[in-house]
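To start, the structure under review is shown below, and the notes come after it.
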Amino acid sequence: MERSEQELVRRDNLTKIRELGIEPFPAATFPITHLAKEINEKAEFGEDNMSTNYQEVTVAGRLMARRIMGKAAFASIQDSSGRVQIYVSRDDIAPGEDKALYNTLFKKLLDLGDFIGVTGHVFKTRTGETSIHVKEFTFLGKSLRPLPVVKTDDEGKVYDAFSDLELRYRQRYVDLIVNPKVKEVFLKRTKLVTAIRTFLDGMGMIEVETPILQAIHGGAAARPFATHHNTLDMPMYLRIANELYLKRLIVGGFDAVYEFSKNFRNEGMDRTHNPEFTAIEFYVAYKDYNWMMDTTENMLECIIKAVNGGDNAKVMADEHEINFTGPYRRLPMADAIKEFTGEDINGADEDELRAIAKRLHVALDKTMGRGKIIDEIFGDHVEAKLIQPTFITDYPVEMSPLTKKHRSKEGLVERFELFVNGKEIANSYSELNDPIDQRERFEEQVELANRGDDESMPMDEDFLRALEYGMPPTAGIGFGIDRLVMLVTGQKSIQEVLFFPQMKPEA
RNA sequence: GAUCCUUUAGCUCAGCUGGUUAGAGCAUCUCACUUUUAAUGAGAGGGUCCUGGGUUCGAAGCCCAGAGGGAUCACCA
């Protein structure tokens, strides 16, 4: 492998550090006392510009900038919290005759990106920047590749930003080091997940783990990733959803379960789809989809506030300010179509629906049934217009093989999806618990599969057996975590909210 | 899978209609500098111009094929 000039210099520096008798990759614990951020935020200063509360601090991190002025230098150390400036003077770190620690190690052999630890007192410079006056300096780890050097001026303007998307995604570690805003997005993601867990735990739900490797892929309409179990000599699938397993646990007597589920779908990739993505699903016995709408409003309001901090339940998405304070509008699908297109689909048979679709310039193909046609009309004319959180309720039965039939509306099911900023972020039903009805729905799915639909659900006899033992009336819901994070962080691409998005292999 | 855009130094980018030895800033190297902060001043090095063919006296730039990335679309969450 060809190494660049800068890499060669760094390897040469590594050797020379060893020759100085310094281990460039030391093993021992380094006792950090403070983080950069707390020093910058909490340091107090006396008349002499010396810190009164930070007389001796020890910090560690990467050297990210260095400005050498002969016998003294300023540099920046970046740790997990941010950056702090350090001031290094030759005679302070090398008080004796031997000035090698400063002249050789600090000035020559140290490269940007190296890990160092420093101990010293905090003071304020002439220009007013909080800094650490270093008296002890420890080498903690060598960086053999040059990081992109991103500079920011007084006005916060960024120069030479590390912005190549391919490099940022393939080398997320570099992205995280040099682009602090990227780190903020992922910290928000963690906050969001934690807030959801806290909310659900607070409702008394049990967090569970169900199989990712499944013999029968159920619970959603999608193409699975297929693999093979050698010992059992049988095909297996990475889960496309965990729904059927969570329902088995409701059968088993848990009243309320949830799982953060990594799901895998073998389909196209774009800025809202990654082959591997995260959902949160929860199922609660003796509840219906109306209760679930109430709960969804409470949960979203609560978690958005937690992520934003304080009492703010609003996020900016594109140009829209979205308010997650409940209650949200609840709009039956047929009413939504009427509102946005003027067409009434209530009671329309397939031929009438086709005529409506034609008037609305919705492209159809011959294989589509009633449910699919309605879904197409909705997708083309309504979905993008649902900006503030809106529950669309009461879907056609054909699209929802795991959903209980509507208690009063013929041909519909008790299902809702939550739309925000023109995109679906949650899908929920009153769960179908009639095993005889469920078997018929599976049979319809199998029929679709026989006609070539590779996204239909396979028959799951064990799941039916569980339902035959009896499942209480139950409400369930699934949220797409990645899309929720995109919404909360204002990101337009799923790749910006996944640490390691799927990429094609490097050449 | 389709269409369009894109790929030049470690990073961010110029590079005209095809014409000397492919440029800049940062980074790197050498020298100077004890309160700088996009540090500064002086000098230097660094290139598979994504890959492979072709056209041409001559290709980073044109043509063909391929790869990576992005956008839009289709499928989907």
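Here is the naming used below: chain letters follow the sequence lines, and residue numbers restart at 1 for every chain. Remember, it's a predicted structure, so these values are computed and weren't measured experimentally.
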Which heavy atom of G371(A) sits nearest to which heavy atom of P396(A), and what is that distance?
CA-CB, 3.8 Å
Of the candidates rC11(B), rA77(B), rU34(B), the side chain of E424(A) sits closest to rA77(B)
Tell me the closest heavy-atom pair linking F264(A) and I212(A), and the distance in Å.
CE1-CG2, 3.6 Å
Shortest non-hydrogen pair, Q78(A) vs M64(A), comes out as CB-CG, 3.4 Å
Considering just the side-chain nitrogens and oxygens of R10(A), establish if one lies under 4.0 Å of OP1 or OP2 belonging to rU28(B).
no
Just the atom pairs and distances: protein N or O near nucleotides 39-47 of chain B's N or O, under 3.5 Å.
unit_1, atom_1, unit_2, atom_2, d
rA39(B), OP1, K151(A), NZ, 2.7
rA39(B), OP2, R67(A), NH1, 3.3
rA39(B), N6, I68(A), O, 2.6
rG45(B), N2, E5(A), OE1, 2.3
rG45(B), N3, E5(A), OE1, 3.3
rG45(B), N3, E5(A), OE2, 3.4

Which atom names give the shortest non-hydrogen contact between F225(A) and P275(A), and what distance separates them?
CZ-CB, 3.8 Å
Heavy atoms under 4.0 Å, any strand shown: does N274(A) hit a base, just sugar-phosphate, or nothing?
base
Which distance, rounded to the nearest 0.5 Å, do you find between the CZ of F277(A) and the CG of D482(A)?
8.0 Å
Got a sec? Which of residues 153-162 of chain A come in under 4.0 Å of RNA chain B, heavy atoms?
D153(A), D154(A), Y159(A), D160(A), A161(A), F162(A)
Side-chain ion pair, D92(A) and K135(A), N-O less than 4.0 Å:
no
Nucleotide nearest S131(A) when distance is taken to its side chain, options rU34(B), rU36(B), rA27(B):
rU36(B)
Kindly give the atom pairs (protein nitrogen or oxygen, nucleotide nitrogen or oxygen) under 3.5 Å for nucleotides 69-71 of chain B.
unit_1, atom_1, unit_2, atom_2, d
rG69(B), OP1, R170(A), NH2, 3.4
rG69(B), OP1, K504(A), N, 3.0
rG69(B), O4', E166(A), OE1, 3.1
rG70(B), OP1, Q495(A), OE1, 2.9
rG70(B), OP1, Q495(A), NE2, 3.2

Sequence neighbours excluded, which residues qualify as side chain to side chain contact (heavy atoms under 4.5 Å, CB included) partners of F340(A)?
V382(A), K385(A), L386(A)
Can you figure out which of rU34(B), rG10(B), rA77(B) approaches the side chain of R265(A) most closely?
rA77(B)
Suppose we call a contact any N or O donor and acceptor under 3.5 Å apart; does that hold for the side chain of T125(A) and the base of rU36(B)?
yes
Cationic N near anionic O, under 4.0 Å, R168(A) to D164(A):
no
Contacts of D394(A) meeting salt bridge (Lys or Arg N to Asp or Glu O under 4.0 Å) (sequence neighbours excluded), chain-then-number -> K409(A)
Please answer whether the main-chain N or O of S80(A) pairs with a side-chain N or O of K183(A) as donor and acceptor at a distance below 3.5 Å.
yes
Glycosidic class, syn or anti, of rG61(B) using a 90° window around 0
syn
Where each residue is assigned the nucleotide of RNA chain B containing its nearest heavy atom, which of R223(A) and A73(A) is assigned the position nearer the 5′ end?
A73(A)
Select base, sugar-phosphate, or nothing to describe what G268(A) touches, counting heavy atoms under 4.0 Å on all strands.
base
What residues form a side-chain hydrogen bond (donor to acceptor under 3.5 Å, both in side chains) with R10(A), not counting sequence neighbours?
S143(A)
Counting the atoms with a prime plus P, OP1 and OP2 as sugar-phosphate, which does K108(A) contact under 4.0 Å by heavy atoms, base, sugar-phosphate, or nothing?
sugar-phosphate
Could you tell me whether K372(A) contacts a base, only the sugar-phosphate backbone, or nothing, with contacts defined as non-hydrogen atoms closer than 4.0 Å?
sugar-phosphate
If pairing requires Watson-Crick or G-U wobble contacts with both distances under 3.5 Å, which nucleotide is the partner of rC29(B)?
rG43(B)
